[in-house]
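Residues take their numbers from the sequence shown, with the count starting at 1. Since the structure is predicted, the reported quantities are computational estimates derived from the model, not experimental observations.
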Amino acid sequence: ALGSEPGRCAGKLPRRVSVFAVTALSPGYLSALAALSEVVDVDIYLVNPCREYWGDIVSRRVVRRREATSTNAWKRDAGQPDRPFLYLETGNSLLAALGRQGRDMIDQLQEYNAAVEETWLEPDSSKLLGLLQADMLRLRDRAGFAEQRRLLSAADRSLQFHICHSAQREVEVLYDQLLERMSRDERITPADILVMAPDIEAYTPYIDAIFSSARQRLPYSIADRSLENESLLVEAFFKILDLAESRYEVEPIASLLEVPAVLARFELSEDDLPLLRHWLRQAGICWGIDPQHRAEQGLPALAAHSWQAGLERLLLGYALPLDDGALYQGILPWGDIEGDQARVLGQLLTYCEQLFALRSDLAQERTVAQWCELLMVLCDRFFLPSQEREDEVQALRDAVTAVLEEASTGGFHGRVPLALLKPELRRQLRSRTGDVGFLNGGVTFSGLAPLRGVPFKLVCLIGMNEGACPGNEFPLGFDLMAQGRRRGDRSVRDEDRYLFLEALCAARDQLYISYVGQDLRENSRLPPSVLVSELFDYLRANLRVEDGGDVVTALCVEHPLQPFSLRYFDGSNPELFSYNQSLADAARVSASRAPESTTPFLTQPLAEAGPQWREVELSQLIRFFTNPSRYLLQRRLGVYLETGSELLPNQEPFELDYFANSDLRQYLLQQRLQGRQLEEMLPELQAASRLPHAAVGRAVYREQLIGICLLYTSPSPRDISAYLVCRLLLEKGGGGGGGGGGGG
């Protein structure tokens, strides 16, 4: 309490102000609180890792740096003591290395005439984790005193490190470790477990995939996620805003329909999505609203592969009777739409019309008030959320309202483009987190900051990789605070270090740390975070093992690359286990299979490469390292196993791939056998979007005709000459025509 007179409450001030979970305050804020304490009670609650005075301790790194840069080095040469900085106190080296932020905060508070009330909890020193906490509490360091180094018990599992190959393997290992700990100690429930990561967003997909699909379900929740990253609805909202400056490519527009709130607004269901994607693919839609929109992009005003051409084909296919190959005003109907599918087609048209209208609505400059009004309308026009997701739409509205309030407060009433408004909207949403995920009875996943210092029986830190924590700081050149740092100034690195220290102190029974320490491709060693490395150094200096080995090696568990490795099930290492029955079955089958039954893919060495492989272009290297297996099959063995892409094409074809070329040849041959004149089918194929644009498409078509003629008829010399001319034109001009964006 910084001082108060309870009877002197002035005006509308509260009778008491309490400050929780604050580990750093600048002198300006502390002075403000001190002034406020003259009229009301001000209580500041702090978690202090040390009961002794530790305001003057510094880390060994600071001591070594000062010794290296000392101007008194000459005194050592003149017979002075070897350590001129004996006045620098290290105390507990781990506390000195990690606790700078908390040390400065506590030291600043002691400058005020405040009443101090202390409550201390003595850790259980019989366990390794409790020993670390007790040594920091008493400001004790065992390094340099061999007789004080504690013998590490082989059965002590209060502190463990797990080394994995990837983030996914970290979460898979974590799941099994949590099940094992709860089965071994019935007092631990999911609500007693906290899992933190420096970047929780990077681990969220793996957490959801593994914990939600496991046979033995563990209740869990993920907290500390901003609405910008957590909500599909918010992500869809910004995709809609980005369309105004896009080419209106087919895949982004089709993927928006996968958001449930968008589907509900346009009265569609998930069962309609495969049908819609099939229609869009068959209609040949790639990008561009219409020829005028393409002309605005600086390309020829062609309708082929645009939304206008594709939707007209779908509409005529429903309205007109089927007549293969018959064009209606240059449009080839696609007639696979009937019955209730007409309703789905109508909703698709409504959806597209709403999106196309944004092109003019979002391209104008407006005042902030006008933009906010339009954005509110867009929320109602495109989203109809379920009752569970209504809060996400409300968060969008609140963010829009906050932007308007800030502009009004600043007195700004000018006209701005949408590009200036979107970053501010993102900032507002980034600062808003969902109200779920915290302490709801299951395993809690979060970042390092939200639950800092909150005690849990089991605290797990995942993702403690090199470079992940502490974060890097890149101060600007004109940042004077970074050039001359003072106590109380914010430092990202010091804050991350203190977060790690608080996690170490918050664990009551066990502390679990994992990181990606093995390369996924080469299996080489990767270093952990600097914070974990400093903890390793502290453990080596303060502990010993009975056989004289490495303490850190005794505490680390290295996991195999694959979760179905036989090492998890053969009992050779008690620290490696799995609760996944399907993986156990797979490992058992793999172990029972005789090595002789495995047939190698290549039974003999490949023939020596030709002279064309003596010089390798950069593009070849890129294709090889992108997918070495595919490159080997295609370039050296001539095996092509490609299938159609699941994603819709966002650009028109500039040339036909192998499968499209083969399909077109088969189609033309079939039509010829049915008696149709192939020379008259060019308009039909162009209307069906089966050829590249303009001259390149005509050349490809001519090559197909002559190729069929050469294969299935007795060609005349004139046919052969025409075929060779076509090949020459393609080799000389095909690339140039294709590069013209379809307008060659």
Using the ring of each side chain (for Trp, its six-membered ring), is Tyr220 parallel, tilted or perpendicular to Phe211, with breaks at 30° and 60°?
tilted
According to side-chain contact (heavy atoms from CB on, under 4.5 Å), who are the partners of Arg184, at least two apart in sequence or on a separate chain?
Arg157, Glu180, Arg181, Gln510
Are any side-chain N or O atoms of Arg169 and backbone N or O atoms of Leu561, one a donor and one an acceptor, separated by less than 3.5 Å?
yes
When you look at Glu251 and Arg277, which way does the salt bridge (Lys or Arg N to Asp or Glu O under 4.0 Å) test go after all the steps?
CA-CA 9 Å; Glu251 178 58 36; Arg277 284 185 166 269; 2.9 Å; yes
Donor-acceptor pair, Asn465 side chain versus Val516 backbone, under 3.5 Å?
yes
For the side-chain contact (heavy atoms from CB on, under 4.5 Å) test, which of Arg103, Glu534, Met136 pairs with Leu98?
Glu534
Within this structure, what is the CG-CD distance for the pair Leu448 and Glu502, rounded to the nearest 0.5 Å?
10.0 Å
On a heavy-atom basis, which atom in Met182 and which in Ile193 lie closest, and how many Å separate them?
SD-CD1, 4.1 Å
Do Tyr53 and Leu139 have side-chain heavy atoms sitting under 4.5 Å apart?
no
As a quick check of understanding, evaluate side-chain contact (heavy atoms from CB on, under 4.5 Å) for Leu159 and Leu539, giving each step before the final call.
CA-CA 11 Å; Leu159 176 62; Leu539 294 172; 4.0 Å; yes
Between Phe20 and Ser18, which heavy-atom pair has the shortest distance, and what is it?
CE1-CB, 3.7 Å
With a 3.5 Å distance limit and no angle check, can you tell me whether Arg150 reaches the backbone of Leu131 through a side-chain donor-acceptor pair?
no
After noting the C-alpha distance and the side-chain angles of Tyr45 and Val19, does the key distance pass the side-chain contact (heavy atoms from CB on, under 4.5 Å) rule?
CA-CA 6 Å; Tyr45 296 87; Val19 181; over 6 Å; no
Lys422 and Asp242, any side-chain heavy atoms less than 4.5 Å apart
yes
If we ignore angles and hydrogens, is there a donor and acceptor under 3.5 Å between the side chains of Asp104 and Gln108?
no
The test is ring-ring contact (aromatic ring centres under 6.0 Å, His included); show your working for Tyr203 and Phe445 and say whether it passes.
CA-CA 10 Å; Tyr203 281 79; Phe445 290 86; 9.6 Å; no
Give me the atom names and distance for the closest heavy-atom approach of Ala554 to Leu152.
CB-CD2, 4.3 Å
With a 4.5 Å cut-off on side-chain heavy atoms, are Ser446 and Leu194 touching?
yes
How many angstroms lie between CD in Glu575 and CZ in Arg567, if you round to the nearest 0.5 Å?
12.5 Å
Side-chain donor or acceptor of Asp192 paired with backbone N/O of Thr189 under 3.5 Å
yes
How about His165 and Asn523: do any of their side-chain heavy atoms sit closer than 4.5 Å?
yes
A side-chain contact here means heavy atoms from C-beta on lying under 4.5 Å apart; do Ile44 and Val22 qualify?
no
Report yes if the side chains of Ile200 and Ile207 come closer than 4.5 Å at any heavy-atom pair, otherwise no.
yes
Scan side-chain atoms only and decide if Trp120 and Glu122 contain a donor-acceptor pair under the 3.5 Å cut-off.
no
Please report the shortest heavy-atom distance between Val551 and Leu543, naming the atom on each side.
CG2-O, 3.5 Å
State whether the side chain of Arg217 and the backbone N or O of Ser212 hold a donor-acceptor pair below 3.5 Å, judged by distance alone.
yes
Could you tell me the separation between the CZ atom of Phe382 and the CZ atom of Arg265, rounded to the nearest 0.5 Å?
10.5 Å
Polar side-chain atom of Asp156 near backbone of Leu128 as donor-acceptor pair, under 3.5 Å
yes
Strictly by modelled atom types, are Thr23 and Arg452 linked by a side-chain donor-acceptor pair under 3.5 Å?
yes
With salt bridge (Lys or Arg N to Asp or Glu O under 4.0 Å) as the criterion, how do Glu390 and Arg397 come out once you've worked through the C-alpha distance, each side chain's angles and the decisive distance to 0.1 Å?
CA-CA 11 Å; Glu390 181 62 37; Arg397 296 192 182 101; 3.6 Å; yes
Residues that Ser153 engages under side chain to side chain donor-acceptor pair (under 3.5 Å), provided they are two or more places apart:
none
Starting at CG of Leu233, measure out to SG of Cys379 and round the result to the nearest 0.5 Å.
8.0 Å
Side-chain donor or acceptor of Ser565 paired with backbone N/O of Tyr568 under 3.5 Å
no
Minimum heavy-atom distance between Leu526 and Tyr515, given as atom pair plus value
O-CE1, 4.0 Å
If we count only N and O atoms by modelled type, under 3.5 Å, do the side chains of Asp272 and Ser269 hold a donor and an acceptor together?
yes
CD1-OG distance between Ile163 and Ser514, expressed to the nearest 0.5 angstrom:
10.0 Å
Does atom OH of Tyr29 have more than 12 heavy-atom neighbours from other groups under 6.0 Å away?
no
Side chains of Phe500 and Ile513: does their closest heavy-atom pair fall under 4.5 Å?
yes
Stepwise, does the side-chain contact (heavy atoms from CB on, under 4.5 Å) test hold for Tyr206 with Ser166?
CA-CA 11 Å; Tyr206 305 113; Ser166 65; over 6 Å; no
I'd like to know if the side chain of Arg51 reaches the main chain of Asn48, judged simply by a donor and an acceptor atom lying under 3.5 Å from each other, with no hydrogens or angles considered.
no
Under 3.5 Å: donor-acceptor pair, side chain of Gln518, backbone of His559:
yes
Compute whether any side-chain donor of one residue and acceptor of the other, for Ser578 and Asn580, lie under 3.5 angstrom apart.
no
Can you name the nearest heavy-atom pair linking Glu170 to Gly463, along with the distance?
OE1-N, 2.9 Å
side-chain contact (heavy atoms from CB on, under 4.5 Å) partners for Ser524, two or more places apart
Asp519, Glu522
Hey, could you give me the CG/OG distance between Leu458 and Ser158, rounded to the nearest 0.5 Å?
11.0 Å
Mark yes or no: Arg588 above the aromatic ring of Phe569, with NZ or CZ under 6.0 Å from the six-membered ring centre and no more than 45 degrees from the axis.
no
Evaluate salt bridge (Lys or Arg N to Asp or Glu O under 4.0 Å) for Arg540 paired with Asp550, printing each intermediate quantity in order.
CA-CA 7 Å; Arg540 289 189 176 101; Asp550 184 33; 3.0 Å; yes
Arg149 backbone acceptor or donor facing Arg544 side chain under 3.5 Å:
yes
Using side-chain contact (heavy atoms from CB on, under 4.5 Å), reason through Asp135 and Asp141 one step at a time and then give a plain yes or no.
CA-CA 7 Å; Asp135 285 350; Asp141 202 321; over 6 Å; no
Can you list the steps and then say if Glu52 with Arg140 is a salt bridge (Lys or Arg N to Asp or Glu O under 4.0 Å)?
CA-CA 10 Å; Glu52 310 294 338; Arg140 180 174 56 196; over 6 Å; no
Do Leu268 and Leu276 touch side chain to side chain, with heavy atoms closer than 4.5 Å?
yes
